[in-house]
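Naming: A, B, ... by sequence-line order, numbering from 1 per chain. Values reported hereafter were calculated over all heavy atoms of this structure, with side chains retained and with hydrogens, waters and symmetry mates removed. Note that this is a predicted model, so its numbers are computed, not measured.
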There are 4 protein chains.
Amino acid sequence: MQQRLAANRAQIVRAARRLIARGGFREASMVAVAAAAGLSTGAIYRYFPSKAQLFIEVLTAAVAHEIELLEQIAGAPGTAALRLQNAVETFARRALEGRNLAYAFIAEPIDAEVDAARIRSRREFSEVFQRLLRDGIRSGEFCRQDAEASAACIVGAFTEALVGPIAPGGKAVGPQTRAQLIAAISQFCLRAVRA
Amino acid sequence: MQQRLAANRAQIVRAARRLIARGGFREASMVAVAAAAGLSTGAIYRYFPSKAQLFIEVLTAAVAHEIELLEQIAGAPGTAALRLQNAVETFARRALEGRNLAYAFIAEPIDAEVDAARIRSRREFSEVFQRLLRDGIRSGEFCRQDAEASAACIVGAFTEALVGPIAPGGKAVGPQTRAQLIAAISQFCLRAVRA
Amino acid sequence: MQQRLAANRAQIVRAARRLIARGGFREASMVAVAAAAGLSTGAIYRYFPSKAQLFIEVLTAAVAHEIELLEQIAGAPGTAALRLQNAVETFARRALEGRNLAYAFIAEPIDAEVDAARIRSRREFSEVFQRLLRDGIRSGEFCRQDAEASAACIVGAFTEALVGPIAPGGKAVGPQTRAQLIAAISQFCLRAVRA
Amino acid sequence: MQQRLAANRAQIVRAARRLIARGGFREASMVAVAAAAGLSTGAIYRYFPSKAQLFIEVLTAAVAHEIELLEQIAGAPGTAALRLQNAVETFARRALEGRNLAYAFIAEPIDAEVDAARIRSRREFSEVFQRLLRDGIRSGEFCRQDAEASAACIVGAFTEALVGPIAPGGKAVGPQTRAQLIAAISQFCLRAVRA
DNA sequence: CATGAATGAGGCTTCATTCAT
DNA sequence: GATGAATGAAGCCTCATTCAT
C-alpha cells in the first residue's frame with residue numbers, strides 16, 4: 001500500500017545517500033543503489049524518472065534537513081556570537097560524524113542538472129550564515145564585513161575539516177581530539193567575524 | 001632519445017591537466033588526453049601504467065608547483081601577517097583564475113588511489129600554512145591557536161570561494177568585484193588568526 | 001458479468017488501436033494501452049495472453065471493419081468502374097484521414113506472429129479488389145489482366161499516397177489539395193484497368 | 001590499414017542491411033549488427049556515432065544505388081513508355097529478389113532522424129519516376145496527369161508486390177510465375193499513364 | 001477478478017586497456 | 001617504440017510480463 005511505497009522511496013534515497021557518502025557519485029551507480037535498496041534497477045524508475053533526478057532529491061533532501069537544524073540554531077535567543085558558535089560547532093560535529101552533509105558539498109561535475117541543484121543548495125545553506133552575520137553586524141557584535149564572503153569562508157572552513165587532510169579519515173579518533181578540533185574551528189570563525 | 005621521452009611524458013601530464021582544469025575528470029578520458037598530447041592512446045601506457053597513476057602524477061605535479069610558489073611567499077621577509085595575507089590573496093586569485101589548483105582540491109573520489117594522493121597533496125599544502133601560522137604565533141603577531149586546524153580553515157575558506165555559491169560560475173565578473181572578494185577573504189583570515 | 005468483460009475487452013482493443021494509429025507500435029506499450037483503456041496492466045493479461053496476440057486482434061478487427069465497408073461499396077449496384085472509383089477514393093480518403101487502416105498496411109515486422117496476421121489481412125483486403133476487378137473484366141468494362149496483380153497494384157498505389165513522400169506529413173493540407181490528390185490516385189487506377 | 005577500415009565499415013553496413021532486410025529495424029540491434037559484422041559492439045562506434053546514423057547511412061546508401069540504376073534506365077534512349085516499362089520491371093524484379101530496397105520503404109517510425117532520411121530517400125526515388133512521366137507527357141506518349149501522384153502510385157504499385165500478400169513470401173516461386181507477375185505490374189503501370 | 005509494483009532481460013552507448021601492425 | 005582499432009565490461013534506461021495483495 002501507500003506506506004510500502006513511501007518506505008521504498010525513502011529506502012532508495014537512503015541507499016543513494018549512503019553510497020554517495022561512502023564513495024561519491026562514482027560509487028552510486030543505479031545498479032548499486034538498487035541493490036542497496038533491495039530492489040531491482042527497473043523499480044527505481046517507478047520512483048525517480050532518472051539518475052539525475054534521484055541525485056537531486058538526495059541532495060536537496062539532505063540539505064533541507066541540515067538547513068532546518070541550522071535555522072533553529074540561528075533563530076534561537078542569545079547573542080549572535082553564541083548562536084554562530086553553536087551553529088559552527090553543530091555542523092562541524094555533524095560533518096565529523098560523516099552525516100548527511102559531506103557529499104552535498106563535493107564539487108565534481110556529474111551532470112548539469114545535478115550541479116545546478118548542488119549550487120542552489122549550497123547557496124541556501126550559506127544564506128543562513130549570512131543572516132546570522134548581518135544580525136551580529138547590526139548589533140555591533142561583529143565587525144563590519146562582507147557578510148556574503150564571510151559566510152562562504154565559514155562554510156568553507158568547517159567543510160575543510162570534513163574532507164580535508166586533517167579530517168579523521170580511516171583512523172578512529174578519540175572524542176577528546178574531536179572536541180578540540182571542533183573548538184578550534186569555532187574559535188577560528190568567531191575571531192574572524194568579531195568586532 | 002631520452003629527451004624526447006621526457007618531453008612526451010611532460011606533454012601528457014600537461015594535456016591531462018588542461019583537460020581536467022577545463023571540465024573535471026569527466027572530460028579527461030584517455031582518448032582525449034592522448035589526442036590533446038598529440039600521441040596515441042597506446043603511447044600513454046608506455047609512460048603511465050594506468051589512468052589512476054597518470055592522474056596521481058598530474059595532481060602531485062600541479063600541487064608541487066603551487067607549493068613552491070606558496071613557500072616562496074611564506075619564506076619571504078616581512079611580518080607573518082603580511083606574508084599570510086600575500087599567500088591567501090595569491091591563492092584566492094589563482095583559484096579564481098581557474099588555474100591548475102582547483103581540481104586538486106575539489107575532486108570527488110574518482111578512484112581510491114587518486115583520492116589518497118589528493119589527500120596527501122592537500123596535507124602538504126596545508127602544512128605550509130601551518131608553518132606560517134606557527135611563525136606568527138611565535139613572534140606574537142598571531143594569537144595562540146591550533147595551527148593545524150587554523151591552516152585547514154584558511155585553506156577551506158578560500159577554496160569555498162572557488163567552488164561555492166558565491167564563486168563566479170559562468171557569468172564573467174569584473175576585476176573590481178574580483179578584487180573585493182579576494183580582499184574580503186584575506187581580511188577574514190587575518191582577523192581569524194591575529195593576536 | 002459477461003457484458004462487463006466484453007466491454008473491457010473492446011475497450012482494450014480500442015485503446016491499442018488509438019495508440020498505434022497515433023504513434024505506431026512504438027507508442028503502444030502495454031502500460032500505455034492499459035492506461036488508455038482505464039485498466040491495469042495485469043488486467044490486460046486476463047483478456048490477451050500476450051502483447052502479440054493483442055496486436056493481432058487489433059489488426060484483424062480493424063481490417064475486418066474496413067473490409068466490411070469495402071464490400072458494401074464493391075457490392076453496390078452500378079458499373080464496375082464506378083464502384084472501383086468509389087472504393088479507391090473512399091480508402092484513399094480514409095487513409096489520408098489517418099483512420100484505422102494505415103498501420104495495418106505499413107507496419108514493419110514487430111513480431112513474427114503479428115506479421116503473419118498482417119499479411120493475411122492484406123490478402124483479404126486485396127481480395128475484395130480482385131473480385132471487383134473480375135466483375136469488370138467479365139462485363140467488359142475492364143481489359144483482360146491479372147486481377148491478383150492489379151489488385152495489389154491498386155492497394156499499393158493508394159497506400160503509397162499515405163506513407164510516401166507526397167503524403168501530407170506534418171503540415172496540414174487544405175481540403176482542395178487533398179481532393180486533388182485523391183482524384184489523381186483514382187484516375188490513375190481507373191486508367192490502369194479500363195478496357 | 002586504410003583498406004581494412006573501409007572493409008570493416010562496409011561490413012557493418014552490409015550486416016545492418018542484411019538484418020534489416022530480414023527482420024526490419026526490430027532485428028537490427030547494435031549487438032546483432034556487431035555480431036553479424038564480426039566485431040564488438042564498441043567497434044561499431046568507431047565507424048558510426050549512433051545507431052540512428054548507421055541506419056541512415058544504410059538507408060541512403062541502398063537508395064543511392066537504386067537511384068543510380070534507375071537513372072541509367074530513365075536516361076537511356078528510347079520512348080518514354082519503353083523506359084518506364086524497363087524501369088518498373090527492373091525494380092519489380094529487384095524487389096522480388098529481395099534485394100536492397102525493401103527496408104527503405106518500410107514505414108514504422110523508429111527514430112525521428114532515421115524517419116526523416118527515409119522520407120527524403122523515398123522522395124528522391126519517386127522524383128526519378130516523375131521526370132520520366134513528365135518526359136512522356138511532353139512527348140504526348142502519356143496522357144496529361146498529376147505526375148507527382150502518378151509517380152507515387154507507380155512506386156506504391158510495385159512496392160506492394162514486394163511486401164504485399166501476393167509477394168512470394170516463404171514459398172519458392174518458379175521463374176515463370178515471377179516473370180508473369182512482373183509483366184502484370186508493368187502492364188498495369190503503363191496502362192495507367194499512357195495517352 | 002483487478003491492481004500496479006516489481007522483475008530482469010535486453011537495448012544503446014562509453015571508455016580504460018590491449019595488441020597486431 | 002608508436003599507433004589506433006578493437007575489446008568487453010559496465011552504465012543508464014525501457015518494458016513485457018508476473019504475482020502478492
What residues form a side chain to side chain donor-acceptor pair (under 3.5 Å) with R14(C), not counting sequence neighbours?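 Side chain to side chain donor-acceptor pair (under 3.5 Å) check on R14(C) returns Q11(C).
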
What's the [atom1]-[atom2] distance between [X] and [N], to the nearest Å?
X       : N       : atom1 : atom2 : answer
L54(C)  : dC15(F) : CG    : P     : 16 Å
I44(D)  : dT7(F)  : CD1   : P     : 9 Å
Y47(D)  : dT7(F)  : OH    : C1'   : 13 Å
E27(A)  : dG11(F) : CD    : P     : 11 Å
N8(D)   : dT7(F)  : CG    : C1'   : 13 Å
I12(B)  : dT3(F)  : CD1   : P     : 10 Å
F25(C)  : dT14(F) : CZ    : C1'   : 19 Å
D111(D) : dG11(E) : CG    : P     : 17 Å

Select from L39(B) and G38(D) the residue whose nearest nucleotide in DNA chain F is closer to the 5' end of that strand.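 Its nearest nucleotide lies further toward 5', so the answer is L39(B).
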
Gap in Å between the two C1' atoms, one belonging to dT21(F) and one to dC1(E), rounded: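 Rounded to whole Å, the distance is 13 Å.
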
Per-pair distances, 0.1 Å, donor-acceptor, side chain in residues 33-49 of chain C, under 3.5 Å, sequence neighbours excluded:
residue: S40(C); atom: OG; partner: A43(C); partner atom: N; Å: 3.2
residue: Y47(C); atom: OH; partner: N8(C); partner atom: ND2; Å: 3.0

Can you tell me how far apart [atom1] ([X]) and [atom2] ([Y]) are? Round to the nearest 0.5 Å.
X       : Y       : atom1 : atom2 : result
R122(C) : I119(C) : CZ    : CD1   : 6.5 Å
R18(A)  : E27(A)  : CZ    : CD    : 12.5 Å
R22(B)  : L19(B)  : CZ    : CG    : 5.5 Å
I12(C)  : M30(C)  : CD1   : CE    : 8.5 Å
R26(D)  : F25(C)  : CZ    : CZ    : 10.5 Å

Would you please confirm or rule out a distance under 4.0 Å between OP1 or OP2 of dG1(F) and any side-chain N or O of R46(B)?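 R46(B) to dG1(F) OP1/OP2: no side-chain N or O under 4.0 Å.
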
Distance test, side-chain N/O of S40(D) to OP1/OP2 of dT7(F), below 4.0 Å: yes

Result block: side-chain N/O donor-acceptor pairs under 3.5 angstrom for residues 51-60 of chain A, not counting sequence neighbours:
residue: Q53(A); atom: NE2; partner: E113(A); partner atom: OE2; Å: 3.0
residue: E57(A); atom: OE1; partner: R9(A); partner atom: NH2; Å: 2.6
residue: E57(A); atom: OE2; partner: R9(A); partner atom: NH2; Å: 2.8
residue: T60(A); atom: OG1; partner: I56(A); partner atom: O; Å: 2.9
residue: T60(A); atom: OG1; partner: E57(A); partner atom: O; Å: 3.3

Counting primed atoms plus P, OP1 and OP2 as sugar-phosphate and everything else as base, spell out the protein contacts along nucleotides 14-21 of chain E at 4.0 Å heavy-atom distance: B, S or - for each nucleotide, 5' to 3'. BBSBB---

Using a 3.5 Å limit for the pairing distances, which stems of at least 3 consecutive Watson-Crick or G-U wobble pairs does DNA chain F take part in?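 So far as stems of 3 or more pairs are concerned, DNA chain F shows E:2-21 with F:2-21.
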
